[in-house]
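Scroll down for the structure; my scribbles are underneath it.
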Amino acid sequence: MAKIQAPKGTRDFYPDEMRRHRHLEDVWRKVSLRAGFEEVDGPIFESLDLYIQKSGPEIVEQLYNFKDKGDRDLAIRPEFTPTLARMVAARQAALPRPVKWFNISRVCRYERAQKGRLREFWQWNCDILGAPGVEADAECITLAVEALREFGVTSEQVEVRLSSRRLLAAILKHHGLTDEQMPAVYLALDKLGKVPPEVGKQMLDELHLSPELRHDIEVILTSNTFDQMLRDGGSFGFTQGATDEMNRLLSLLEANGVKDFVRFDLRVVRGLAYYTGPVWEVFDKRGELRSICGGGRYDNLIATMGGQPMPACGFGAGDVTTGLLLDSLDLWPTDIGRVEFYVIGAAAESFAVVGQLRSAGRSAQCDLMGAQINRQMKVAADSGARYIVTVQSDSLRLREMNSGQEREITLDELLKV
RNA sequence: GUGAGUGUAGCGCAAUCGGUUAGAGCACCAGGUUGUGGUCCUGGGGGUUGAGGGUUCGAGUCCCUUCACUCACCCCA
């Protein structure tokens, strides 16, 4: 029989990989719960229409869809947000506000696999619904930063680039662009951060913008703070409300202690039809990886999906890019998911001690191969156990592997180590 | 969808100009030594050189086809 390999763009998780994956999920879940988000989930497949409703018919090309035996058109979820929107809309009136939900979803997208992008991956999603103000945006950004900090990532290594679709749209409108003309400019802006300056210049030339707009775009590109942009570029036609909103968001981020991670940068655009307010994306500062995490405000989504209008913001982070980030910064913990005790000795004696440890809520294992003591010792050392316990008739010895310290110990003491 | 690169043991690799039976390391297994550790020694299993075809006295090596993987473009919810 021919060996069948895993489908393109998928991964097998052997124990080493699974430990790492578990670490990602553990951190994501921990910081979410710590911030008062509640975990939710839905089906891994949905009606194809759910995705078409949110993203248009073109989306079908980019997802795994199929007909079930009842001839229903279904799709494996390519993202969690439509499910979230469906769930919120179904109980909209009854949900206490704000709704703060998170989810770690396994998702599939039919795309060419490449670095940092596979056909099956996990996405951590956090959303806040029913909160119209920038407090919710600040909460989301802060949560993303807290996860990065928990992974051991510093503000030297990554940054949150914060933009605003509201501000961008105001600038373009101020210069007389119609809603139809805006996407081309958004697209160019988005590219500008990612291509060499000459190429960027050429892209802008091709748009034939007015000199005034061209000037404002130059200011956008060279501004590192919102204040600086306003100083260099004047009002840009912003309303007081729009300016206040960004300033308030920035001061909330400062109050939350994540200011050092955040840089104002209007080049960040993200999906075209979707976002309505602040948008942001996390990048590694070395510029080696695609974006690690991103989100923003999408106040129209719930109504689009058939619910009552409801303000919303949120973000998603992928396991693949996050993993690559931890790879490149060498931030994987080495002691995760290992059994705490490895008990060495004759089978009957080892089993007795292992049983006691497990009953006491500790993790423990022993030899199952009938191996000689020296062999057991080697296996125990290789297992990464924190403690090795040797049992010989009635005497127990405990060895702490990091320090190498060893001592005689009673069973009662052992259970409390 | 477009373009480029790479396929040799479980893994990362070597094999001169096309030349004998494709090698060593790590990992795995067995034995020995160190009696409570990660050492060391000996041995072992593992390969249709991705697959198919061609050129040749002879192909891991050259040519064609195909498949897979990787990277980039497009796209990125």
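Lettering follows sequence order; numbering is per chain, from 1.
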Of all pairs that satisfy ring-ring contact (aromatic ring centres under 6.0 Å, His included), the ones with a partner from residues 280-306 of chain A, not counting sequence neighbours:
A:Y274-A:Y298, A:W280-A:F315
Selection residues 80-92 of chain A - residue pairs positive for salt bridge (Lys or Arg N to Asp or Glu O under 4.0 Å), sequence neighbours left out
A:E46-A:R86
Nearest to the side chain of A:R375, which nucleotide is it out of B:A30, B:A77, B:G38?
B:A30
Rounded to whole Å, how long is the line connecting atom CZ of A:R119 with atom P of B:U70?
10 Å
Have a look at A:T390 and say if it touches a base, only the backbone sugar-phosphate, or nothing, with a 4.0 Å heavy-atom cut-off.
base
Classify A:Q376 by what it touches in the nucleic acid, base, sugar-phosphate, or nothing, heavy-atom distance under 4.0 Å.
nothing
side-chain contact (heavy atoms from CB on, under 4.5 Å) against A:A35, all qualifying residues, sequence neighbours excluded
A:F37, A:L143
Base, sugar-phosphate or nothing for A:R77? Non-hydrogen atoms, less than 4.0 Å.
nothing
Please check the phosphate of B:C69 (OP1 and OP2 only) for any side-chain N or O of A:K8 closer than 4.0 Å.
yes
Let me know the distance between OH of A:Y275 and C1' of B:C76, rounded to the nearest Å.
11 Å
Report the C-alpha separation of A:E38 and A:K100 in whole Å, then their side-chain angles, then the decisive distance to 0.1 Å, and conclude whether the side chain to side chain contact (heavy atoms under 4.5 Å, CB included) test is met.
CA-CA 6 Å; A:E38 296 189 278; A:K100 289 171 68 177; over 6 Å; no
For atom CD of A:Q372 and atom P of B:U33, their distance in whole Å:
9 Å
Could you state the atom-to-atom distance from CG of A:L187 to P of B:A77 in whole Å?
11 Å
Sequence neighbours excluded, which residues qualify as side-chain contact (heavy atoms from CB on, under 4.5 Å) partners of A:F351?
A:C366, A:L368
A:W124 has an atom CH2; how far is it from atom P of B:A77, in whole Å?
18 Å
For Watson-Crick and G-U wobble pairs within 3.5 Å on both distances, what is RNA chain B written in dot-bracket notation, | included for inter-strand pairing?
(((((((..((.(.....[...).)).(((((.......))))).....(((((..]....))))))))))))....
Can you say whether the rings of A:W28 and A:F151 are parallel (under 30°), tilted (30 to 60°) or perpendicular (over 60°)?
perpendicular
All pairs passing salt bridge (Lys or Arg N to Asp or Glu O under 4.0 Å) where residues 407-417 of chain A contributes a residue, at least two apart:
A:R397-A:E408
Tell me, which pairs form a salt bridge (Lys or Arg N to Asp or Glu O under 4.0 Å) where one or both residues lie in residues 296-317 of chain A, sequence neighbours left out?
A:D137-A:R297, A:R297-A:D299
Which nucleotide in the set B:C71, B:A77, B:U36 lies at the smallest distance from any side-chain heavy atom of A:E406?
B:U36
Check: B:C76 base within 3.5 Å donor-acceptor of A:R270 side chain:
no
Might you list the N or O atoms of the protein lying below 3.5 Å from N or O atoms in nucleotides 1-5 of chain B, with each pair's distance?
from	atom 1	to	atom 2	distance (Å)
B:U2	O4	A:R112	NH1	3.4
B:U2	O4	A:R112	NH2	3.0

For the pair A:F238 and A:H174, evaluate ring-ring contact (aromatic ring centres under 6.0 Å, His included) and give the outcome as yes or no after the intermediate values.
CA-CA 8 Å; A:F238 296 153; A:H174 178 61; 8.5 Å; no
Short of 4.0 Å, heavy atom to strand atom, which residues of residues 50-62 of chain A count as contacting RNA chain B?
A:K54, A:I59, A:Q62
Quick one: list whatever passes side-chain contact (heavy atoms from CB on, under 4.5 Å) with A:T178, sequence neighbours left out.
A:E180, A:Q181
Report the residues that fulfil side-chain hydrogen bond (donor to acceptor under 3.5 Å, both in side chains) with A:E340, sequence neighbours left out, ordered by chain and then residue number.
A:R362
Does anything in residues 313-322 of chain A pair up under side chain to side chain donor-acceptor pair (under 3.5 Å), and if so which pairs, sequence neighbours excluded?
A:R11-A:D319
Between C1' of B:G37 and CZ of A:F341, the distance in whole Å
17 Å
Nearest to the side chain of A:R117, which nucleotide is it out of B:A72, B:C74, B:U36?
B:C74
In whole Å, measure the gap between the C1' atoms of B:G46 and B:C26 for me.
15 Å
It should be established whether A:Q114 places a side-chain nitrogen or oxygen under 4.0 Å from OP1 or OP2 of nucleotide B:C71.
no
Does a side-chain N or O from A:K378 land closer than 4.0 Å to OP1 or OP2 of B:U39, or not?
yes
Using whole Å, report how far CZ of A:F121 lies from P of B:C76.
14 Å
Without decimals, in angstroms, what is the distance between A:D190 CG and B:C74 P?
11 Å
Mind checking A:N374 for me? I need base, sugar-phosphate or nothing, with any heavy atom below 4.0 Å counting as a touch.
base
Under 4.0 Å between a Lys/Arg side-chain N and an Asp/Glu carboxylate O for A:R286 and A:D284?
no
Could you say whether A:R109 or A:Q392 is positioned toward the 5' end of RNA chain B, judged by the nucleotide with the nearest heavy atom to each?
A:Q392
Taking atom C1' in both B:U16 and B:A30, compute the distance separating them and give it to the nearest angstrom.
37 Å
